[in-house]
K.L.:
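Here it is: the structure, laid out below.
Only heavy atoms go into these numbers, but all of them, side chains included; no hydrogens, no water, no symmetry mates.
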Amino acid sequence: QVQLVESGGGLVQAGGSLRLSCAASGSILDINAMGWYRQGPGKQRELVARITRDGSTNYADSVKGRFTISRDNAKNTVYLQMNDLKPEDTTVYYCNAARVLTLRGYLEAWGQGTLVTVSS
């Protein structure tokens, strides 16, 4: 089994910053890609940012230039630095680990979600 534990969510004023962290643990041999998704009430879960093992990144257009994703492969941890936050960024953010290689083969894992609230 693989567990993802997120931290760093909270309440911030518009224009402020937050840093999300997500640590993966378990019988992990390798993680191909890690990323952050978000999902508002009644909406589909959408990609915010994603980073591969070699450091290639992609971002949603709505967060380009404001959010930065990074990764520590040795710690199986991914970070999301969120700057210039806007009220529309308010929602639950989920960590994802894709194509996680374990002793039992490949699997995908999701975190439990962390709430980010941006006040105007």
Side-chain angles (χ1 to χ4, degrees):
Q1 288 289 346
V2 174
Q3 297 82 36
L4 301 183
V5 178
E6 301 143 334
S7 61
L11 173 64
V12 65
Q13 289 187 331
S17 299
L18 284 175
R19 188 190 193 212
L20 305 183
S21 300
C22 172
S25 62
S27 302
I28 299 170
L29 300 177
D30 182 62
I31 304 177
N32 184 4
M34 300 186 76
W36 292 93
Y37 290 71
R38 62 188 182 187
Q39 184 172 20
K43 297 183 178 181
Q44 286 190 329
R45 191 168 294 188
E46 62 175 2
L47 173 69
V48 176
R50 182 175 178 269
I51 184 168
T52 62
R53 189 195 312 108
D54 64 2
S56 297
T57 59
N58 60 292
Y59 295 90
D61 288 342
S62 59
V63 307
K64 284 180 180 177
R66 300 188 298 123
F67 292 9
T68 302
I69 190 169
S70 60
R71 176 174 173 174
D72 186 332
N73 290 330
K75 296 181 179 180
N76 288 328
T77 299
V78 64
Y79 307 95
L80 185 68
Q81 178 66 44
M82 304 185 293
N83 297 329
D84 189 24
L85 282 159
K86 303 177 180 181
E88 51 264 42
D89 294 318
T90 296
T91 190
V92 179
Y93 287 70
Y94 296 90
C95 178
N96 171 267
R99 285 188 61 80
V100 182
L101 179 60
T102 71
L103 293 174
R104 296 187 176 185
Y106 285 99
L107 56 81
E108 181 179 30
W110 289 91
Q112 78 285 357
T114 185
L115 177 63
V116 171
T117 304
V118 184
S119 62
S120 57

K.L.:
Quick check: closest heavy atoms across Gln44 and Gln39, and the distance to 0.1 Å?
P.N.:
C-CG, 4.1 Å

K.L.:
Give a yes or no on whether Trp36 and Val63 share a hydrophobic cluster (residues Ile, Leu, Val, Met, Phe, Trp, Tyr; joining criterion: side-chain heavy atoms under 4.5 Å apart).
P.N.:
yes

K.L.:
Pair Asp89, Lys86 - check salt bridge (charged side-chain N to carboxylate O under 4.0 Å, His left out), show working.
P.N.:
CA-CA 5 Å; Asp89 294 318; Lys86 303 177 180 181; over 6 Å; no

K.L.:
Sub-3.5 Å donor-acceptor pair from the side chain of Tyr59 to the main-chain atoms of Arg66, do we have one?
P.N.:
no

K.L.:
For the residue pair Leu80 and Ala49, what are the closest heavy atoms and their distance?
P.N.:
CD1-CB, 4.1 Å

K.L.:
Specify the closest pair of heavy atoms between Ala14 and Ser120, including all atoms of both residues, with the distance to one decimal.
P.N.:
CB-CA, 4.3 Å

K.L.:
If you take all heavy atoms of Leu4 and Ala24, which pair is closest and at what distance?
P.N.:
CD2-CB, 3.3 Å

K.L.:
Counting N and O atoms only, with roles assigned by atom type, does the side chain of Glu6 sit under 3.5 Å from a partner on the main chain of Gly113, one being a donor and the other an acceptor?
P.N.:
yes

K.L.:
Tell me if a side-chain donor or acceptor on Thr52 pairs with a main-chain N or O of Ala33 at a distance below 3.5 Å.
P.N.:
no

K.L.:
Report yes or no: does Thr117 contribute a side-chain atom to a donor-acceptor pair with the main-chain N or O of Thr90 at less than 3.5 Å?
P.N.:
no

K.L.:
Mind checking whether Arg50 and Asn58 have side chains closer than 4.5 Å, heavy atoms only?
P.N.:
yes

K.L.:
What heavy-atom pair brings Val2 and Ala109 nearest, and what distance separates the two atoms?
P.N.:
CG1-CB, 4.0 Å

K.L.:
May I ask you to test the Leu20-Val116 pair for a side-chain heavy-atom distance under 4.5 Å?
P.N.:
yes

K.L.:
In terms of the angle between their ring planes, are Phe67 and Tyr93 parallel, tilted or perpendicular, with boundaries placed at 30° and 60°?
P.N.:
tilted

K.L.:
Donor-acceptor pair, distance only, cut-off 3.5 Å: does the side chain of Asn73 make one with the backbone of Arg53?
P.N.:
yes

